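Working notes, structure below.
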Protein chains: 2
Amino acid sequence: MKHIAESTVRRLSLYLRFLEEYEATGHATISSGELAESGGTTSAQVRKDLSFFGSFGKRGMGYTVRDLSIAIREILGLQRPWSVIIIGAGKIGAALAQYRGFTTRGFRVVGVYDRDPARIGTKLEGVTVRAESDLERDIAKLKPDIAVLCVPGDAAQALADRVTAAGIHAVLNFAPTPLKVPKGVALRAVNMATELEILAFGLTNDGALPVR
Amino acid sequence: MKHIAESTVRRLSLYLRFLEEYEATGHATISSGELAESGGTTSAQVRKDLSFFGSFGKRGMGYTVRDLSIAIREILGLQRPWSVIIIGAGKIGAALAQYRGFTTRGFRVVGVYDRDPARIGTKLEGVTVRAESDLERDIAKLKPDIAVLCVPGDAAQALADRVTAAGIHAVLNFAPTPLKVPKGVALRAVNMATELEILAFGLTNDGALPVR
DNA sequence: CTTAGCTTGTGAATGATTTCACAAGCACTC
DNA sequence: GAGTGCTTGTGAAATCATTCACAAGCTAAG
């Protein structure tokens with residue numbers, strides 16, 4: 001398959017969110033221009049993004065909201081559920097476990113892990129927190145798709161190593177440390193301190209960041 | 001000032017984090033290659049990133065860890081503290097309020113707001129949760145620099161409008177909705193559902209996302 | 001059946017970012 | 001103080017992403 005820019009995939013995710021809202025308001029079709037407006041981009045960008053995957057609209061008419069939703073869900077791989085384990089049951093792990101955005105899009109939390117004995121055995125959104133030492137056995141058994149790391153920075157790499165060695169192929173890292181993972185493992189990082197620092201840069205160097 | 005790519009600023013933030021760790025281990029100098037290794041990029045990229053802002057190294061020697069730390073902190077605008085208000089005292093807001101990465105980098109939480117009377121008056125990391133209706137008055141008085149939105153998607157735009165109208169110039173959005181803000185306001189969004197969806201895409205379309 | 005009015009899909013052009021490649025500069029040695 | 005070994009800083013080249021611009025296709029109207 002040809003390479004697809006990450007920015008394209010990110011926009012597809014936003015289009016999908018808007019399409020779902022838009023469908024709920026009763027609209028049956030939508031033009032690339034309307035879709036662009038919603039996501040803060042241009043109609044050409046929308047059409048280009050979609051063109052990498054096929055041709056989903058009707059000239060003169062636009063896109064059928066429902067069909068395009070389904071098509072994007074298929075492109076993103078959301079037609080099937082994904083099982084997620086959360087590692088680290090601190091505040092951030094707990095916040096993610098209850099995050100509605102996860103469950104409504106077909107991401108199911110099948111396990112929460114922590115190393116702190118005080119947390120092990122407690123329940124988080126209906127899922128019992130287990131010992132980090134169970135990780136390997138549980139991954140072998142449950143074969144979860146995605147591991148979300150919500151542990152302190154100094155513990156993150158070791159856990160990433162463990163879960164990838166145990167067979168996990170996708171990692172979402174909330175620890176403030178850049179991770180290395182084996183080739184073939186999908187990795188994303190959310191670094192909240194970095195986001196704030198980009199804002200600080202923008203405030204300090206007014207107009208230095210390109211407008212989007 | 002010339003435009004600086006967001007990707008450059010993001011990498012500077014990572015370099016800084018590594019430099020701080022590296023300094024703690026007692027190293028006095030570092031080469032662009034070592035710095036690149038740490039951030040998963042190339043030495044040429046490191047040098048190019050820095051070159052937009054000046055010339056900080058010594059040929060043949062590399063960079064003085066401490067001097068480069070200071071230089072990057074200056075570039076990012078971290079030589080002064082930034083005050084932050086958190087809007088929404090739910091799980092995510094609470095997790096952020098206690099997030100160490102914020103405070104250690106000079107971001108101080110000066111206010112937490114919620115609309116739920118049950119939460120108003122409670123304490124979060126030493127900060128009393130106040131009523132959302134106090135926002136305008138408090139912003140006028142305290143002049144916080146950054147607002148972090150941790151509210152449900154359907155409330156986010158209205159609150160963004162309110163805080164920007166009240167004088168906030170930077171917004172970090174954790175709500176799963178794309179926001180519109182007035183020109184001149186710095187905006188960043190962290191969308192956890194989108195991050196998971198990018199991972200799902202990567203898992204589904206193996207090798208379609210460019211390796212980084 | 002033909003025309004008018006939209007809107008898609010897509011090569012080509014532009015713009016942005018990354019990588020390359022190398023001259024210039026510094027420290028250390030002999 | 002000339003030579004060697006590194007490493008920076010930076011134009012130029014290459015790659016990647018976005019925008020432009022327009023032919024092609026669809027619907028509805030007459």
Side-chain angles (χ1 to χ4, degrees), chain A residues 1-15 19 22 27-65 67-69 71-72 75 198 201 207-212, chain B residues 1-15 19 22 27-65 67-69 71-72 75 198 201 207-212:
Chain A
M1 189 182 192
K2 221 176 45 265
H3 275 191
I4 300 297
E6 183 198 300
S7 49
T8 291
V9 181
R10 163 166 278 118
R11 282 189 299 265
L12 287 176
S13 164
L14 294 180
Y15 301 157
L19 285 171
Y22 201 67
H27 292 82
T29 65
I30 189 171
S31 71
S32 58
E34 293 168 289
L35 204 39
E37 170 71 13
S38 81
T41 180
T42 66
S43 63
Q45 182 78 80
V46 170
R47 296 198 300 276
K48 187 59 111 183
D49 286 339
L50 294 172
S51 78
F52 295 126
F53 302 97
S55 148
F56 306 99
K58 275 229 266 297
R59 290 165 197 240
M61 297 276 88
Y63 303 87
T64 306
V65 175
D67 292 353
L68 188 56
S69 279
I72 294 181
I75 291 166
I198 297 173
F201 176 85
L209 282 172
V211 285
R212 293 180 309 142
Chain B
M1 187 182 194
K2 223 176 45 262
H3 276 192
I4 300 295
E6 183 198 298
S7 49
T8 291
V9 181
R10 162 166 280 117
R11 282 189 299 265
L12 288 175
S13 164
L14 294 180
Y15 303 156
L19 286 170
Y22 202 66
H27 292 82
T29 65
I30 189 171
S31 70
S32 58
E34 294 168 289
L35 204 38
E37 171 72 12
S38 82
T41 179
T42 67
S43 63
Q45 181 79 78
V46 170
R47 297 197 301 276
K48 189 58 114 183
D49 285 340
L50 294 171
S51 77
F52 294 126
F53 302 97
S55 147
F56 306 101
K58 276 229 265 297
R59 290 165 198 244
M61 297 275 89
Y63 303 86
T64 306
V65 176
D67 292 353
L68 189 56
S69 279
I72 293 180
I75 291 166
I198 297 173
F201 176 85
L209 282 173
V211 284
R212 293 180 310 143

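Below, all heavy atoms of this structure are taken into account, side chains as well, without hydrogens, waters or symmetry copies. Just so it is clear: chains get the letters A, B, ... in the order the sequence lines come, proteins before strands, and each one is counted from 1. All of these numbers come straight from a predicted model, not from anything done at the bench.
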Heavy-atom pair of closest approach, residues B:Ala36 and B:Ser43 |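 Reported closest heavy-atom pair: CB-N, 3.4 Å.
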
Which atoms form the tightest heavy-atom contact between B:Leu209 and A:Glu6, and what is the distance?
->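 What the structure gives for the nearest pair is CD2-CA, 4.0 Å.
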
When you compare the side chain of [Y] with that of [X], does any pair of heavy atoms fall below 4.5 Å?
{"X": "B:Phe52", "Y": "B:Val9", "value": "no"}
{"X": "A:Phe53", "Y": "A:Ile4", "value": "yes"}
{"X": "B:Ser31", "Y": "B:Glu34", "value": "yes"}
{"X": "A:Leu50", "Y": "A:Tyr63", "value": "yes"}

Measure from [atom1] on [X] to [atom2] on [N] and round the result to the nearest Å.
{"X": "B:Phe52", "N": "D:dG11", "atom1": "CZ", "atom2": "P", "answer": "11 Å"}
{"X": "A:Lys2", "N": "D:dA17", "atom1": "NZ", "atom2": "C1'", "answer": "13 Å"}
{"X": "B:Leu35", "N": "D:dT7", "atom1": "CG", "atom2": "P", "answer": "13 Å"}

Heavy atoms under 4.0 Å, any strand shown: does A:Thr41 hit a base, just sugar-phosphate, or nothing?
->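 No contact.
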
Contact class for A:Ser7 vs. all strands (heavy atom < 4.0 Å): base, sugar-phosphate, or nothing?
->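 Sugar-phosphate only.
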
Can you tell me if the side-chain N/O atoms of A:Gln45 get under 4.0 Å from OP1 or OP2 in D:dT19?
->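 It does, given that an N or O in the side chain of A:Gln45 lies less than 4.0 Å from OP1 or OP2 of D:dT19.
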
Closest-nucleotide 5' rank along DNA chain D - winner of A:Gly60 and B:Phe56 = B:Phe56

With nearest nucleotides of DNA chain D determined for A:Thr42 and A:Lys58 from heavy-atom distances, which residue corresponds to the more 5′ nucleotide?
->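 Mapping each residue to its closest nucleotide by heavy atoms, the 5'-most match is A:Thr42.
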
A:Lys48 or A:Met61, whichever maps to the more 5' nucleotide of DNA chain C |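 Comparing both residues, the 5'-ward one is A:Met61.
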
Chain A contact limits on DNA chain C, taken 5' to 3' with a cut-off of 4.0 angstrom to heavy atoms |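 From 5' to 3', the first and last contacting nucleotides are C:dC6 to C:dA12.
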
